[in-house]
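Have a look at the structure below, then the notes.
No experiment lies behind these values; they were computed from the predicted model shown.
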Amino acid sequence: MLTKLILENYLSYKNRTEFDFKKTKYEQLPGNCADNGVLKGAVFIGGNATGKSNVIKALRLLLDILVGESYEKLDLLPWLPGNNKNTLCEYHFVIGDDELKYSFVHDLSVGFIEERLMLNDRQIFLRDKQGAKAEITKGVVVEYLAENIKADSSALRKLYFDSQGFIELPAIKKWFDFLRNSVYFNPLDKEVHSYSGVDFNFVEYYVKNKANYEIVNKVLEQIKYSMAVSIVFNDESNPLEAPSINNIFMDRKDKKLSLPITLESDGNQTLLKLIPCAYHVIANRGMLLIDEFSSGLHNALEKVFIDYFMKNAGFSQLFLVTHSTNILTTATLRPDQIFIINYKLNEGSEYARVSSASPRFAQNIEKMYLSGIFADVPAYAIDTAETQA
């Protein structure tokens, strides 16, 4: 599980910024924490263009670097054009009883200039300008010369596959499995990026595997949704008929209306993408990264989805970006799970963690946020003089 994220000179994060995902003093909602004291996720909220999505991008970047199927050159823009300061990203994890720290330093013109992996405070991998070196087992060292490593790709990734998944270090393999079981989802454009090879495309997921839509229907029933998924073939007597998206329907429970998914609301299409992603991550242990979470779902459904994840996740995590302030309730989220992102001129993005203000659990977090208690709130207004002119 991810316990800390550190960013410096990454996109809108100019200054060193540390996000801590370990639980604080609050005893309420114990189900939102794993048994190891790590939060089962966090919410990033704030005004437009403050840097919320950049946190999710930093997490997705880690997945792309280490376990992405197709690797493309990184687009690691520094905080300001012309700024020659390097980008630092650092990720801390707890996997079972082991602690791992992976970090890299990236130069926009050169590529990776440093990578480092620590296991229980022991450095087992280092990449620098001369090359890379790893001690997979005590006394056994693997080395790569700099010319044998692509400047714009991870040397740790290469080492992982060359060493058959660190078979001598099971903690590293479990960490890579955790990353591989993670999923990125953007409801706004319906983009789902799976790192495990599972295809969440409607046809592949629903039509070609009956068990999958039965699982989704159980989840819909759990959250008391008024609809269910059904798969109907145009000619049921011909089992060889090519499946298509037109075979997927949403049935109202009153049986009076059934629509193909292509005619369904944007919210229903989002939900039928979201549930499989969540179920997969919960069942296999990983991270579910959601950008633009407030796209298409009703406010009450957003809260129910978060409740479902927190209740069912054991050692999985949900990280999401939203503009929906209604989820800022202590019935759904702990104060230490809420990060309010601000953008400060000349300084870049920064955050306020709600738990730092020590709110009482009975207080209205949404009202406090909108009142500016934790951080600045966007002040949008119409210029009356311009309007009248």
Side-chain angles (χ1 to χ4, degrees), residues 1-7 17-44 55-67 89-104 116-122 124 156 160 165-166 169-185 193-196 277-290 293 305-321 332-339 351 353 355:
M1 300 180 75
L2 182 69
T3 61
K4 183 178 289 187
L5 169 66
I6 302 174
L7 303 175
T17 306
E18 298 188 13
F19 296 89
D20 190 344
F21 302 117
K22 291 183 179 179
K23 73 174 184 178
T24 58
K25 63 180 182 180
Y26 290 94
E27 299 298 328
Q28 293 87 345
L29 294 182
N32 287 26
C33 306
D35 294 340
N36 56 12
V38 182
L39 297 169
K40 293 181 182 179
V43 171
F44 307 98
V55 182
I56 298 296
K57 288 179 181 177
L59 298 180
R60 182 179 178 181
L61 179 62
L62 172 68
L63 304 179
D64 288 338
I65 287 173
L66 296 182
V67 295
C89 293
E90 184 173 318
Y91 310 84
H92 296 205
F93 286 85
V94 168
I95 303 294
D97 296 326
D98 297 296
E99 295 184 0
L100 297 95
K101 299 177 185 178
Y102 171 69
S103 63
F104 67 81
R116 192 184 301 267
L117 178 62
M118 308 287 292
L119 175 61
N120 299 323
D121 293 326
R122 180 172 72 92
I124 63 171
L156 179 61
Y160 177 79
F166 283 97
L169 294 173
I172 307 301
K173 183 181 185 305
K174 290 179 182 179
W175 175 51
F176 266 78
D177 289 342
F178 183 85
L179 299 179
R180 192 176 289 107
N181 289 328
S182 300
V183 178
Y184 168 86
F185 177 43
H193 199 94
S194 169
Y195 295 85
S196 63
C277 295
Y279 189 88
H280 171 80
V281 168
I282 290 171
N284 296 285
R285 295 189 181 182
M287 297 183 292
L288 177 55
L289 314 177
I290 306 179
F293 180 60
F305 174 78
I306 295 173
D307 292 342
Y308 167 80
F309 191 98
M310 297 299 160
K311 180 180 179 180
N312 290 280
F315 295 92
S316 299
Q317 291 173 292
L318 170 67
F319 296 100
L320 60 86
V321 165
T332 299
L333 293 166
R334 297 164 51 97
D336 49 18
Q337 291 182 287
I338 304 170
F339 292 80
Y351 75 83
R353 194 179 187 185
S355 57

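Counting heavy atoms from C-beta outward, Val55 and Phe319 have side chains that stay 4.5 Å or more apart. Proximity of Lys174 to Asp98: side-chain heavy atoms (C-beta onward) are nowhere separated by under 4.5 Å. By the 4.5 Å heavy-atom criterion applied to side chains, Ile56 and Phe293 are not counted as neighbours. Using a 4.5 Å heavy-atom threshold, the side chains of Tyr351 and Thr17 count as touching. Looking at heavy atoms from C-beta onward, Tyr91 lies in side-chain contact with Leu5 at the 4.5 angstrom threshold. Contact of the Leu66 side chain with the Tyr160 side chain is not registered, since no non-hydrogen atoms from C-beta on lie closer than 4.5 Å.
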| request: Please assess Asp307 against Lys311 for the test salt bridge (charged side-chain N to carboxylate O under 4.0 Å, His left out), listing each intermediate value before the final yes or no. | output: CA-CA 6 Å; Asp307 292 342; Lys311 180 180 179 180; over 6 Å; no
| said: side chain to side chain contact (heavy atoms under 4.5 Å, CB included) for Leu63 and Met287? Distances and angles first, verdict last. | reply: CA-CA 10 Å; Leu63 304 179; Met287 297 183 292; 4.1 Å; yes
| task | Decide side chain to side chain contact (heavy atoms under 4.5 Å, CB included) for Val94 and Phe315; before the verdict, give the C-alpha distance in whole Å, the side-chain angles of both, and the deciding distance to 0.1 Å. | result | CA-CA 10 Å; Val94 168; Phe315 295 92; over 6 Å; no
| said: Working note: Ile6 + His92, criterion side chain to side chain contact (heavy atoms under 4.5 Å, CB included); need CA distance, chi angles, decisive distance, verdict. | reply: CA-CA 9 Å; Ile6 302 174; His92 296 205; 4.0 Å; yes
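Atoms CZ and OG1, on Arg334 and Thr24 in that order, are 5.5 Å from each other to the nearest 0.5 Å. Separating the CZ atom in Arg60 from the OG atom in Ser182 is a distance of 12.5 Å, to the nearest 0.5 Å. Interatomic distance, Leu119 CG to Ile124 CD1, rounded to the nearest 0.5 Å: 5.0 Å. Rounding to the nearest 0.5 Å gives a distance of 4.5 Å between CG of Leu2 and CZ of Phe93. Atom OG1 in Thr3 sits 9.5 Å away from atom CD1 in Ile95 (nearest 0.5 Å). Rounded to the nearest 0.5 Å, atoms CD1 (Ile172) and CG (Leu100) are 4.5 Å apart.
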Donor-acceptor pairs are to be reported for all side-chain atoms of residues 32-44 against protein atoms at under 3.5 Å, with residues two or more places apart or in another chain.
from	atom 1	to	atom 2	distance (Å)
Asn32	ND2	Thr332	O	3.0
Asn32	ND2	Gln337	OE1	2.8
Asn36	OD1	Val38	N	3.1
Lys40	NZ	Gly31	O	2.8
Lys40	NZ	Met310	O	3.0
Lys40	NZ	Ala313	O	2.5

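Using bins of under 30°, 30° to 60° and over 60° for the plane-to-plane angle, the ring pair Phe309/Phe305 lands in the tilted bin.
In this structure a side-chain-to-backbone donor-acceptor pair under 3.5 Å is missing from Asn284 to Asn181. In terms of modelled atom types and a separation under 3.5 Å, the side chain of Asp20 and the main chain of Lys4 share no donor-acceptor contact. Without hydrogens or angle criteria, Tyr184 side chain to Lys57 main chain gives no donor-acceptor distance under 3.5 Å. Not a single donor-acceptor pair under 3.5 Å links the side chain of Tyr102 to the backbone N or O of Cys89.
At most 12 non-hydrogen atoms from other residues, nucleotides or ligands lie less than 6.0 angstrom from OH of Tyr279. In this structure, Glu90 places its CD atom where more than 12 heavy-atom neighbours from other residues, nucleotides or ligands lie under 6.0 Å away.
Contact check on Asp177 versus Arg180 returns a salt bridge, with a Lys/Arg side-chain nitrogen under 4.0 Å from an Asp/Glu carboxylate oxygen.
Minimum heavy-atom separation, Lys101 to Asp121: NZ-OD1, 3.9 Å. Closest non-hydrogen pair, Phe178 versus Gln317, comes out as CZ-OE1, 3.8 Å.
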